[in-house]
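The structure appears right after this line, and notes come after that.
These numbers come from a predicted model, not from an experiment.
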Amino acid sequence: MSEALWTPSPERVIKANMTEFLRYVEERGGPPVPDYSADSYWQLHEWSVNNPERFWSLIWRFCGIVGHRGTGGGAERVGIGLDNMGPPEMEKGPRWFPDASLNFAENLLRFTDDEPALASWNEEGHQRTLTFKELRESVETLALALSAAGVVPGDRVAGWLPNIPEAVIAMLAATSLGAIWSSCSPDFGAQGVMDRFGQIEPKILFAADGYLYNGKEIDLLPRLRQIAFRIQSLEHVVVTPYRKQMPDLDGVRRGTLWSRFIAAQWGIATTRKQTPPDTPPRRTPPHGVFRTPVEGKPPETHPLYIMYSSGTTGLPKCMVHSAGGTLIQHLKELILHTDLKREDCIFYYTTCGWMMWNWLVSALGVGVKTVLYDGAPLSPSPDILWKMVDQEGITIFGTSAKYLALLEKSGAEPRKNHDLSKVKAILSTGSPLAHHSFDYVYKKIKADVHLASISGGSDIISCFVLGNPILPVYRGEIQTPGLGMAVDVFDDRGRPVRLIPGELVCTRPFPSMPIAFWDDPDGAKYKAAYFDHFPGVWRHGDWAEITRNRGYIIYGRSDATLNPGGVRIGTAEIYRQVEQLPEVVESVAVGQEIDGGGGSSGDVRIVLFVKLQPGLSLDDALSERIASRLRENTTPLHVPKKIIQVEDIPRTISGKISELAVREVIHGRPVKNTEALANPQALRFYERLEELRY
């Protein structure tokens, strides 16, 4: 067993929410906890997986979810169908809390005091702070306007917004009425927005006039005019003036400014003598069988969010998530696995198009100050986010593995210039966190900090594997599976494996499974996405390994694994080594089909593309250093047959390297949806390369 990089102090373990939950469960018939060693957690995890009804019932109560569970007797059932979860029952999913009702927004707005709720920053620094009281009042005001505009349960309300308070306010106002919220980032092009929102036909679209990124003003109105014209379901396009006081909305079909929309709809509401804003929000059933909403008739299960797949191989999948499933998973992860308490302040670098935004906003339900940042993470200076940490008193700092790698490359040492005494946890996701990044955090940022690499996805709007504040941190490993999550790793035959890579799976249902894909009435797309490979078992699509410490290593996406000589290799294994070289900014590895094409009668060779530091060129000496490092630290099979320098590497809007797009281009196949890429122009560097012809 390897040596831990960090171990929580006994005092920290005793004070952790996870420890309090251990005691809470023990007092109610759960596993005994004679001490608070690692074994206590693993006993709790095993119990949570084997006793789902009891576990999720206790999570509801421990996390203080606001809602009605039922009126006694059989009315407080936790799940229907949990006792028989083989195929095809797992594919359908059980009905969680079938007799309960709740309102997602009500839970996030349970605090109404003058403590700060949202702090908003961009590249120009701090912008404003809203208290919980002010946030609630803003949501109530907008909710009444939306109601007057005809928004009813099941309607879709969309946001094409920067990460600013208006995005949070609009989401909470819409969901307080039982509407379904869906958002994407303003860096999507017009076609990318229409590919997503065009499928779900929203009634209302919230947008901004522009935003600032890397010191550049981006005008959104030309794209907004196209979007408003093309999505015919839109009845109102509500624009918040973010960069200009009075943006010109001429040509924006059904366009109106935020303040004018509220004023106009409040006038209608007053005329109709509509429900006053202090009336409690409508509580709706959180789970069950999703039906596409019919006008004037709410669905059986209440959907909350529609999330999207990356869409690099076609139109994005529209994944529908329930109010109850999202809420209970987020609160479990925030309170127990992140150790979030009322006195904390949380930040996650994200856009409104990434599930981490939804996850971050749920922290309002814990009553903490939640910090929003809109802009480039290293602009106007590499330490902008750390300045924000100092000024806001951030205790939970969330970011991406790529940010930490770039920070390391820049030579930054935040611990030298910033007061990080309040930071108790650093979270990382988006891609696997490399071994050297673990070392960098502990050497150059803070020695006594809980570094939690986490992994899940928009598919489950939560995590399969994540941090644990009462357990040690080991280099390169994600600490634990989440409570209540029956996570495992299977070989190709569906058998559990340890200490070797395989498919990351979940063998039992969990509340945040998507309740449907949009426009998939027979569930065929849903089944194909998760259950075709191992019937009755959720296959997530990650290539992973369970370690001797019972932690997890994610090697990359299963569909992007390399297969030289019939041996599967995760791309993260290559990036972890190559990107430690100071000359290499980042890299992308793909398999090129040779001697037969399609991998049918031939083989696959690894091709590595590298983006180097400005002014450097790839020569034989650097190529040999790359090859030697891979040969010495991995295996000869990891060594690429070709190493090629490129000017840029394509990434999705959420910042993930798109190996699939590169793979298609080098084989002369079209990339079906370049709108899903943040920098589609980068693909031209991979077209018709002479080096790949021999």
- Message: If we ignore hydrogens and angles and just use 3.5 Å, is the side chain of Ser48 paired with the main-chain N or O of Gly484 as donor and acceptor?
- Response: yes

- Quick one: does Asp339's side chain have a donor or acceptor within less than 3.5 Å of a partner on Met18's backbone? no

- Quick one: pull up CG in Leu327 and CD1 in Ile461 and give me the separation to the nearest 0.5 Å. 11.0 Å

- Quick one: do Glu586 and Lys409 make a salt bridge, cutoff under 4.0 Å? no

- Message: Ring centres under 6.0 Å, that's the criterion: do Phe609 and Tyr686 meet it?
- Response: yes

- Query: Can you find a side-chain donor-acceptor pair between Tyr305 and Ser322 that sits under 3.5 Å?
  - Reply: no

- Message: Quick check: closest heavy atoms across Pro481 and Val465, and the distance to 0.1 Å?
- Response: CA-CG1, 3.8 Å

- Query: Okay, side chain of Gln479, backbone of Leu471: is any donor-acceptor separation there less than 3.5 Å?
  - Reply: yes

- Item | Heavy-atom pair with the smallest gap, counting every atom of Ala572 and Pro432 | CB-CG, 3.7 Å

- Message: Do the side chains of Arg669 and Glu593 get close enough for a salt bridge, i.e. N-O under 4.0 angstrom?
- Response: yes

- Sub-3.5 Å donor-acceptor pair from the side chain of His337 to the main-chain atoms of Gly467, do we have one? yes

- Specify the closest pair of heavy atoms between Ile454 and Thr429, including all atoms of both residues, with the distance to one decimal. O-OG1, 2.8 Å

- Item | Under 3.5 Å side-chain donor-acceptor pair for Tyr552 and Glu545 | no

- Do His436 and Arg576 meet the criterion of a side-chain donor-acceptor pair at a distance under 3.5 Å? no

- Are any side-chain N or O atoms of Gln199 and backbone N or O atoms of Pro316, one a donor and one an acceptor, separated by less than 3.5 Å? yes

- Task: Can you sort out the partners of Asn358 under side chain to side chain donor-acceptor pair (under 3.5 Å), two or more places apart, ordered by chain and number?
- Result: none

- Query: Do Tyr348 and Trp357 make the cut of ring centroids closer than 6.0 angstrom?
  - Reply: no

- Message: I want to check something: taking the side chain as every heavy atom from C-beta on, are Ile478 and Ile554 in contact at a cut-off of under 4.5 Å?
- Response: yes

- Message: Between Asn50 and Arg508, do the side chains contain a donor N or O and an acceptor N or O under 3.5 Å apart?
- Response: yes

- CD of Glu664 to CD1 of Ile666, rounded to nearest 0.5 Å, is 9.5 Å

- Residue set satisfying salt bridge (Lys or Arg N to Asp or Glu O under 4.0 Å) with Glu583, at least two apart, ordered chain then number -> Arg625

- For the rings on Phe510 and Trp538, is their centre-to-centre separation under 6.0 Å? yes

- Compare every heavy atom of Thr652 with every heavy atom of Ser658, then report the nearest pair and how far apart it is. CB-CG2, 4.4 Å

- Task: Could you verify whether a donor N or O on one side chain and an acceptor N or O on the other, from Glu333 and Thr338, lie under 3.5 Å apart?
- Result: no

- Query: Does the separation of the ring centres of Tyr530 and Tyr526 fall below 6.0 angstrom?
  - Reply: yes

- Message: Once salt bridge (Lys or Arg N to Asp or Glu O under 4.0 Å) is applied, do any residues pair with Arg550, and if so which ones, sequence neighbours excluded?
- Response: Asp39

- Message: Distance alone, cut at 3.5 Å: any donor-acceptor contact between the side chains of Ser628 and Glu632?
- Response: no

- Task: Go through the steps for Thr399 and Leu427 under the test side-chain contact (heavy atoms from CB on, under 4.5 Å), then give the verdict.
- Result: CA-CA 6 Å; Thr399 185; Leu427 314 183; over 6 Å; no

- Not counting sequence neighbours, which residues clear salt bridge (Lys or Arg N to Asp or Glu O under 4.0 Å) with Arg557? List them please. Asp542

- Query: Of all heavy-atom pairs between Tyr575 and Ala589, which one has the smallest distance, and what is that distance?
  - Reply: OH-N, 3.0 Å

- Got a second to check how far Gln580's CD is from Asp439's CG, nearest 0.5 Å? 8.0 Å

- Message: Strictly distance-based, threshold 3.5 Å: is any side-chain N or O of Arg684 a donor or acceptor partner for the main-chain N or O of Gln681?
- Response: yes

- Item | NZ/NE/NH1/NH2 to OD/OE distance under 4.0 Å, Asp520 and Lys527 | no

- Task: Indicate whether the side chain of Ser462 and that of Ser512 have a donor and an acceptor atom separated by less than 3.5 Å.
- Result: yes

- Query: Is the backbone N or O of His638 less than 3.5 Å from a side-chain atom of Thr634, with the two atoms forming a donor-acceptor pair by type?
  - Reply: no

- Query: Tell me, do Cys506 and His540 make a side-chain contact under 4.5 Å, heavy atoms counted?
  - Reply: no

- Has the side chain of Ser309 got a donor or acceptor atom that lies under 3.5 Å from a matching backbone atom of Lys317? yes

- Closest contact, heavy atoms only, Gly570 versus Glu573: N-OE2, 2.9 Å

- Message: As an exercise, state the distance from CG of Leu499 to CD1 of Ile546, rounded to the nearest 0.5 Å.
- Response: 9.0 Å

- Message: I'd like to know if the side chain of Ser400 reaches the main chain of Tyr403, judged simply by a donor and an acceptor atom lying under 3.5 Å from each other, with no hydrogens or angles considered.
- Response: yes

- Query: Any side-chain donor-acceptor pair under 3.5 Å between His533 and Glu503?
  - Reply: no

- Pairing residues for Phe534 by the ring-ring contact (aromatic ring centres under 6.0 Å, His included) criterion, not counting sequence neighbours: Phe490

- Item | Set of residues satisfying side chain to side chain donor-acceptor pair (under 3.5 Å) with respect to His45, sequence neighbours excluded | none

- Task: Would you check if the side chain of Lys656 reaches a backbone N or O of Ser431 as a donor-acceptor pair within less than 3.5 Å?
- Result: no

